[in-house]
Structures are given as C-alpha cells and as structure tokens.
Colleague: 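Quick one: the structure is below, questions incoming.
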Amino acid sequence: MIDDAKTSPTPDIILCDKTEGDNIVIIEVAGKRSKSDFIKIGDLVGTYEVPEGFVYNYQKKTWRKYKLGVGEVFDRPSFCESIGYDLDEFVK
C-alpha cells in the first residue's frame, strides 16, 4: 500500500501450482506494521486454505510463517515447505 497506515486486503506475492492452478504460498512484505500484516496472512491462509503464508519485515530483515492447520511456525520461519526453498535466499 502506498499509505503505510493501511493494510492491503490482498497479499503482495502469491505463488501458484502451475499444474493445478492452486495458490500454495502467500507472502506479505511489511515494515513497521508487520503485526497487523501477520494477522491478515493468518486470516487469508485459513479463509482460502493456502498451505503456507509468510510476512517478511524488510526493515528488520525478519520472517514470520503461518501454516494451515498449525498456526505460527517458529522453527525456520523463512523455509517454505511447499516449494522446498528458504525464502530468505530471495532477499539476500
């Protein structure tokens, strides 16, 4: 969002399974308001049954991960099981 005080209703990045057409990962890039963005990602994961959702705080260079049916994942929060890749490698 251009207005930092507001949260966009959709994630910044959506990764899809090309064969099935399913959304498999959603990613929100956030700054100061990353707490509200993480709540949004958790809601979207549950509502749309997306296996994994992530919030990357570009100011702190930290990741948070939300997994469908599990909730927040603290161990390796930047590792995406759906694609078998550590998303932190994308931002280095």
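Please read these numbers as outputs of a predicted model, since none were measured by experiment.
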Colleague: Go through the steps to decide whether Tyr66 and Phe38 satisfy the test side-chain contact (heavy atoms from CB on, under 4.5 Å), and finish with yes or no.
Modeller: CA-CA 8 Å; Tyr66 192 95; Phe38 190 71; 3.9 Å; yes
Colleague: Between Phe54 and Leu87, is there a side-chain heavy-atom distance shorter than 4.5 Å?
Modeller: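 They are in side-chain contact.
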Colleague: Does the Asp22 side chain pair with the main chain of Ile24, one donor and one acceptor, at a distance under 3.5 Å?
Modeller: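 Side chain of Asp22 to backbone of Ile24: no pair is present.
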Colleague: Could you please spell out the steps behind the side-chain contact (heavy atoms from CB on, under 4.5 Å) verdict for Ile26 and Ile13?
Modeller: CA-CA 6 Å; Ile26 55 176; Ile13 302 166; over 6 Å; no
Colleague: With the 4.5 Å side-chain cut-off for hydrophobic clustering, are Leu15 and Val29 part of the same group?
Modeller: yes
Colleague: Please answer: with hydrophobic residues joined when any side-chain heavy atoms are less than 4.5 Å apart, are Ile39 and Ile41 in the same cluster?
Modeller: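 They do not share one cluster, since no chain of ILVMFWY contacts under 4.5 Å joins Ile39 to Ile41.
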Colleague: Within this structure, what is the CD1-CG distance for the pair Ile14 and Leu44, rounded to the nearest 0.5 Å?
Modeller: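 These two atoms lie 8.5 Å from each other.
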Colleague: What pairs of residues pass the side-chain hydrogen bond (donor to acceptor under 3.5 Å, both in side chains) test when at least one of them lies in residues 73-86, not counting sequence neighbours?
Modeller: Glu52-Ser82, Lys65-Glu81, Lys67-Glu81, Ser78-Asp86
Colleague: Could you identify which residues cluster with Val70, counting Ile, Leu, Val, Met, Phe, Trp and Tyr as linked when any side-chain heavy atoms lie under 4.5 Å apart, either directly or through a chain of such contacts?
Modeller: Val73
Colleague: Test your reading of the model: is there a side-chain donor-acceptor pair from Asn57 to the backbone of Thr62, 3.5 Å cut-off?
Modeller: no
Colleague: Does any N or O in the side chain of Asp12 come within less than 3.5 Å of the main-chain N or O of Ile27, such that one atom is a donor and the other an acceptor?
Modeller: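 Not at all, since once roles are kept as given, no pair shorter than 3.5 Å links the two residues.
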Colleague: Please step through side-chain contact (heavy atoms from CB on, under 4.5 Å) for the pair Leu68 and Val50, ending with a clear verdict.
Modeller: CA-CA 7 Å; Leu68 183 65; Val50 178; over 6 Å; no
Colleague: Residues in side-chain hydrogen bond (donor to acceptor under 3.5 Å, both in side chains) with Asp88, at least two apart?
Modeller: Trp63
Colleague: Could you check whether any side-chain N or O of Lys61 sits under 3.5 Å from a backbone N or O of Val91, counting only pairs where one atom can act as donor and the other as acceptor?
Modeller: no
Colleague: Taking CD in Glu49 as the centre, count heavy atoms belonging to other residues, nucleotides or ligands within less than 6.0 Å. Is the count above 12?
Modeller: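 Open: at most 12 neighbouring heavy atoms sit under 6.0 Å from CD of Glu49.
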